[in-house]
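Quick caveat: nothing in here was measured; it's all calculated off a predicted structure.
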Amino acid sequence: MSREVRRVPATWAHPRDRQGRFIPLRGDNYAAAAAAWDEGARQWAAGMVATNDSRPGAPAWRPRDGFTVSRSYEDFAGLRPIAAAFMPDWQPEERTHWQMYESSSHGTPLSPPLPSTAELASWLADHHASIGPGLTASAAEWLKLIEHGYGVTFSFDERANPVSLLAPPPDYGRFPRIRRLIRRWTGRR
């Protein structure tokens, strides 16, 4: 699971559907997502596809090959983003509050908007907000995630048991893979 902190206005009420369930909203910028999709469509029409290679100096596009069998760019990359699927684009001075979102699949809020990071961390801890299946975190652990802005909050050990990456049990330090994940996502040593 992933968690993401979003800055919102004090009066922000996340939209709901007719049944009262939250409507998922992406946290990234609509204009940037639409521009990236449009660029991908232009490159696709020219016979190219993104390389997804983030190494310095690596080309961003390569010629499509036989492995790229999609007929259209929409088949390959999905539909063009629409503004209604994104959080509103408020001015920075309007974003006075903090709100925690579940971001791995839904983009729905876990908390109400709160005026400070400390209050958000306390609210999440006091309400036993989930960081994964059967896992919660303390206010200090939530605060570390909030200050980072986002993060993967749990993984699985070698026996497929959920493991908190915010507050790993001490005995998981003996597993090198888990130890590397903990270092990567929390900065712990």
Side-chain angles (χ1 to χ4, degrees), residues 1-30 32-33 81 83-189:
M1 291 183 159
S2 295
R3 301 291 182 251
E4 175 184 43
V5 179
R6 298 180 186 176
R7 297 297 306 267
V8 298
T11 58
W12 168 244
H14 192 95
R16 296 176 182 262
D17 64 16
R18 290 185 201 140
Q19 289 79 34
R21 294 180 301 229
F22 289 119
I23 297 171
L25 294 177
R26 291 177 53 179
D28 51 342
N29 181 282
Y30 163 71
F86 290 79
M87 293 284 286
D89 191 18
W90 297 290
Q91 294 299 315
E93 60 272 5
E94 295 177 283
R95 298 171 187 239
T96 59
H97 282 55
W98 302 80
Q99 189 168 18
M100 183 64 70
Y101 274 77
E102 184 280 319
S103 60
S104 59
S105 60
H106 296 108
T108 54
L110 293 174
S111 73
L114 294 163
S116 73
T117 57
E119 288 180 69
L120 178 57
S122 292
W123 188 95
L124 291 164
D126 293 346
H127 289 83
H128 307 287
S130 171
I131 61 168
L135 301 173
T136 60
S138 70
E141 292 157 348
W142 275 114
L143 188 58
K144 187 170 187 172
L145 176 71
I146 291 165
E147 289 170 349
H148 188 262
Y150 65 92
V152 175
T153 55
F154 86 99
S155 184
F156 294 98
D157 67 10
E158 285 80 2
R159 295 183 183 101
N161 296 314
V163 178
S164 169
L165 296 181
L166 297 180
D171 62 334
Y172 282 106
R174 69 175 187 249
F175 297 108
R177 186 171 140 257
I178 298 297
R179 195 168 47 244
R180 282 193 303 275
L181 284 171
I182 292 166
R183 286 182 190 150
R184 182 174 174 194
W185 291 109
T186 67
R188 291 183 182 195
R189 295 287 167 206

Donor-acceptor contacts, no H, no angles, side chain residues 22-30, under 3.5 Å, sequence neighbours left out:
from, atom 1, to, atom 2, distance (Å)
Arg26, NE, Asp28, OD1, 3.2
Arg26, NH2, Asp28, OD2, 2.7
Asn29, OD1, Ala31, N, 2.9
Asn29, OD1, Ala32, N, 2.8
Tyr30, OH, Arg80, NH1, 3.3

side-chain hydrogen bond (donor to acceptor under 3.5 Å, both in side chains) pairs, two or more places apart, involving residues 7-16: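 Listed by first then second residue: Trp12-Gln99, Trp12-Tyr101, His14-Tyr101.
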
Taking the side chain as C-beta and beyond, is there a heavy-atom pair between [X] and [Y] under 4.5 Å?
{"X": "Arg3", "Y": "Ser130", "value": "yes"}
{"X": "Trp123", "Y": "Met100", "value": "no"}
{"X": "Glu147", "Y": "Leu143", "value": "yes"}

Closest heavy-atom pair and its distance - [X], [Y]:
{"X": "Ala125", "Y": "Ala139", "answer": "CB-N, 3.4 Å"}
{"X": "His97", "Y": "Pro115", "answer": "CD2-N, 3.3 Å"}
{"X": "Thr136", "Y": "His128", "answer": "CG2-O, 3.5 Å"}
{"X": "Ser111", "Y": "Leu124", "answer": "CB-CD2, 4.1 Å"}
{"X": "Ile146", "Y": "Val5", "answer": "CA-CG2, 3.6 Å"}
{"X": "Ala129", "Y": "Trp142", "answer": "O-CZ2, 3.6 Å"}

Side-chain donor-acceptor pairs under 3.5 Å in residues 87-94, sequence neighbours left out?
from, atom 1, to, atom 2, distance (Å)
Glu94, OE1, Gln91, N, 2.8

Straight-line distance of Leu114 CG to Ser116 OG, nearest 0.5 Å: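 Between Leu114 CG and Ser116 OG, I get 7.5 Å after rounding to 0.5 Å.
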
